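These numbers were taken from a predicted model, which means no experiment stands behind them.
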Amino acid sequence: MEDRDQKVITFHSQYAAFLFRRRYGDGCVLRPVPRALSSSCGTAAFVSGNVDAKLLDGAEAVYEKDGEGWRMIWKEQS
Amino acid sequence: MELREKHKLAVTGLFIGAISVLLVVLGNPKNMGFCIACFIRDIAGSMHLHTAPIVEYMRPEIIGIILGSFAISVITGDFRPRSGSSPVLRFIIGFFVMIGALVFLGCPLRMVLRLAGGDLNAFVALLGFIAGIGIGCIFIANGFSLGRAGGATRIEGAAFPAATVFVFVVFIAFPSLFLFSESGPGSMHAPIAASLAAGLAVGILAQRSRLCMAGGIRDIFLIRDFTLILGFIAIFLAALIGNLITGSFSIGFADQPVSHDKHLWNFLGMVLVGLGSVMLGGCPLRQLILAGEGSGDSAAAVLGMLFGAAAAHNFSLASSAGTGPGVNGKAAVIIGIVILLAIASIVTVKERRNYERG
């Protein structure tokens, strides 16, 4: 069944994605960034539930499932 | 959604494989329906940047790919002008990617097309390509990144696609300004309209699907994901079937079209291409697509490849079909691997320090 609570975190580098997975622990899967979010072929983290903002060092944005698409709920302040 | 992305990649791969076989039927050299490295080299020759008489032709496929990516990204909102992610390093890496490709005699895309034509030298090259990507992944997993690109103006993002269109218009209007091979691979080409249309279609499809010859293998190494590799497999299958239908399939190492059987140099040439592609964030085809999407950094990599192609022929670095690389080419591959490893090591150490400092 589809996880309606799923969130996707995009990053500025693949290393940042690896560090996030290490900090997040179980329940985090790294996959290619969904095409609907970006034309880049970078790596995104897929998690369920809330994401602690303290873990988002190196992250670009956080999206949550919104129907068939994604809705941005956090963006790095540049 | 993930399934849709996989379908898109598979369709794109099947299309590129099939159109590559068709372009050969229409006149392109065998197993060279598409070759980003060879075609950029031919363009360099056509523009008097080198004077190797057998590889001079303004290949419309390259212009089509960049223009197709540009047009579809503007239409769909993917056009994002950006630059500033180590453009000079990307130029240098692009330069050495081209050297490696011209020692093997093909980019990763042509490697797959050669494999689908039965050329087993391309299998040796594939092993080298995988090894190069594997080495690059070790650096990525330890912090390697060429840095963030910043936003750029729309005119900056459109400048590279506009420049390629300008060159192509001049080529059509004043062909006598350009060089044309009278023999060899540069003299063999499909009609201009067919080549341009094929390039446009590939540019559009590759932009929509994010097809990348290096990205698929990289993702298997780094995150055990098999999505991007689908495009790679689909190109191989479509070209294999096409070659069997058209009678162009001939299995073996010897006497393959525009190739050589110097295994060590096929392997090392593609180690250089694989490593460089991972460092750039994509294969030569992907660099064209990203340049079309407004990436000044990828445009720098493409210009590095153009410069590398000129150097490869002006300094006898490129392999000769049949005989392989000379001393200069062998030295260039070794130097290229050493320089890319040095860049990757220095950047990785610096990036890790930055992360540790927070």
Q: Working to the nearest 0.5 Å, report the span between CZ of B/Arg286 and SG of A/Cys41.
A: 4.0 Å
Q: Could you go through B/Glu351 and A/Ser13, starting from their C-alpha distance and side-chain angles, then the distance that decides it, and tell me whether this counts as side-chain contact (heavy atoms from CB on, under 4.5 Å)?
A: CA-CA 11 Å; B/Glu351 286 292 315; A/Ser13 72; over 6 Å; no
Q: Contact part of A/Ala16 toward chain B, heavy-atom cut-off under 4.5 Å: side chain, backbone, both or neither?
A: both
Q: Could you give the distance from CG (B/Asp219) to OG1 (A/Thr43), rounded to the nearest 0.5 Å?
A: 5.5 Å
Q: Just how far is it from atom CG of B/Leu222 to atom OH of A/Tyr15, taken to the nearest 0.5 Å?
A: 13.0 Å
Q: Report yes if the side chains of B/Thr227 and A/Arg31 come closer than 4.5 Å at any heavy-atom pair, otherwise no.
A: no
Q: Determine the option with the most heavy-atom pairs under 4.5 angstrom with chain A, choosing from B/Ile289, B/Asn142, B/Leu290.
A: B/Asn142
Q: Considering all heavy atoms of both residues, which atom of B/Glu5 and which atom of A/Ala36 are nearest to each other, and what is their separation?
A: OE2-N, 4.3 Å
Q: Is it the case that atom CG in A/Asp52 sees more than 12 heavy atoms from other parts of the structure closer than 6.0 Å?
A: yes
Q: Can you name the nearest heavy-atom pair linking A/Ser38 to B/Arg210, along with the distance?
A: O-NH1, 3.3 Å
Q: Roughly how far apart are B/Glu293 CD and A/Ser40 OG, rounded to 0.5 Å?
A: 9.0 Å
Q: Measuring from atom CD1 of B/Ile223 to atom CZ of A/Phe18, what distance do you get when rounded to the nearest 0.5 angstrom?
A: 7.0 Å
Q: Output the distance between atom CZ (B/Arg208) and atom CZ (A/Arg35), rounded to the nearest 0.5 Å.
A: 4.5 Å
Q: Could you go through the side-chain contact (heavy atoms from CB on, under 4.5 Å) check for A/Gln14 and B/Arg218 one step at a time?
A: CA-CA 11 Å; A/Gln14 271 146 332; B/Arg218 179 205 62 194; 3.4 Å; yes
Q: Hey, is CZ on B/Arg154 packed in by over 12 heavy atoms from elsewhere, all under 6.0 Å?
A: no
Q: Please look at B/Leu228 and chain A and tell me whether the side chain, the backbone, both or neither of the residue comes under 4.5 angstrom of a heavy atom of that chain.
A: side chain
Q: Using a strict 4.0 Å threshold on nitrogen-to-oxygen distance, state whether B/Arg148 and A/Glu76 make a salt bridge.
A: yes
